[in-house]
Amino acid sequence: MGNKQVWRLIPFLAASGSVQMAIDRWLLQQHLSGNYPSTLRFYTWSPPAISLGYHQRQYPEHWQNLTWKGQTLDLVRRPTGGRAVLHQGDLTYTVVTSGLVGNRLDNYQQICEFLITGWRAIGIQLDYGTAGRGYIHNPNCFGTATGADLVLPDGVKLIGSAQLRRGGAILQHGSMRLQPDAELFTQVFGGESFQPVQLSPSLSIDTIMTALTNAARDCFDIEIQVQSLCLSEWDEILS
């Protein structure tokens with residue numbers, strides 16, 4: 001195995017937003033305290049949810065009682081900044097790591113490299129977004145693309161990421177829009193224009209996760225060890 005760093009890959013998990021955010025916070029804390037290696041994981045939000053940025057205090061009141069296909073949408077606060085994200089028909093990734101050099105944007109781009117490489121491997125070209133002045137006034141994270149976001153060749157945003165830094169450690173997670181529902185989007189964000197994502201319907205979550213895991217291995221020059229959360233870890237996360 002040589003002297004490569006070993007990262008932990010936590011297998012795919014579908015769970016509520018509050019559980020997913022508790023896991024991400026816990027992983028950062030564990031990594032910061034030196035108990036845990038860097039970690040990569042992929043997950044979905046079940047039931048669908050709207051995640052609010054850590055500092056986002058204001059949001060439309062009707063968000064508290066939205067439903068989709070008979071499920072009530074969760075409203076969850078992220079430990080990271082940024083604005084509201086609708087988690088339905090998306091796949092979320094989390095990277096917890098440390099030892100990156102440079103400023104915040106450098107770190108974003110160091111982490112995003114594996115996303116660009118992984119999606120390219122399945123035939124999808126991504127580039128960094130550039131934000132206009134509309135960003136600050138826009139409650140919806142996917143309405144504008146910043147330098148921390150990845151867009152498709154037609155300008156549609158595919159991945160929006162957010163970051164939290166604690167000491168020398170970084171938690172970066174992001175939502176990859178696979179099959180967003182136009183009607184639900186409009187219910188949440190009103191008149192704002194919905195940008196459909198044109199991905200091949202045959203592109204499975206497994207294919208995407210495999211491509212991204214392989215890309216992470218190459219981009220970060222690491223070994224990856226698959227390890228589920230064990231019962232004692234769940235106890236700590238949910239306590």
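Throughout, residue positions are numbered sequentially from 1 according to the sequence presented.
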Are W68 and F185 an aromatic pair, judged by ring center distance below 6.0 Å? no
CZ of R77: more than 12 outside heavy atoms within 6.0 angstrom? yes
Which residues satisfy the side chain to side chain donor-acceptor pair (under 3.5 Å) test with S38, sequence neighbours excluded? T97
From CA spacing to verdict: side-chain contact (heavy atoms from CB on, under 4.5 Å), L86, R177: CA-CA 9 Å; L86 173 60; R177 304 167 71 215; over 6 Å; no
For the side chain of E233 and the backbone of C230, is there at least one donor-acceptor N/O pair under 3.5 Å apart? yes
Which one of R41, Q29, Q172 satisfies the side chain to side chain donor-acceptor pair (under 3.5 Å) criterion with D24? R41
Are the side chain of Q20 and the backbone N or O of L13 linked by a donor-acceptor pair below 3.5 Å? yes
Parallel, tilted or perpendicular for W63 and Y59, by the 30°/60° rule? parallel
Determine the minimum heavy-atom distance between D74 and S16, stating which atoms define it. OD2-CB, 3.9 Å
Quick one about Y93 and S161 (side-chain donor to acceptor, distance below 3.5 Å, no hydrogens or angles considered), yes or no? yes
For E236, does its backbone N or O pair with a side-chain atom of S239 as donor and acceptor, under 3.5 Å? yes
If you count the non-hydrogen atoms of other residues, nucleotides and ligands that lie under 6.0 Å from CD in Q179, is the total more than 12? no
For H87 and W45, take the angle between the two ring planes, folded into 0 to 90°, and tell me which bin it lands in: parallel under 30, tilted 30 to 60, perpendicular over 60. parallel
Between S204 and D206, is there a side-chain donor-acceptor contact under 3.5 Å, judged purely by atom types and distance? no
Side-chain H-bond candidate by donor/acceptor type, D106 with Q109, under 3.5 Å: no
Distance-only, no hydrogens or angles: does the R78 side chain make a donor-acceptor pair with backbone N or O of S51 under 3.5 Å? yes
Looking at Y54, I want to see if its OH is surrounded by more than 12 non-hydrogen atoms of other residues, nucleotides or ligands under 6.0 Å. no
N/O donor-acceptor pair under 3.5 Å between R8 side chain and Q227 backbone: yes
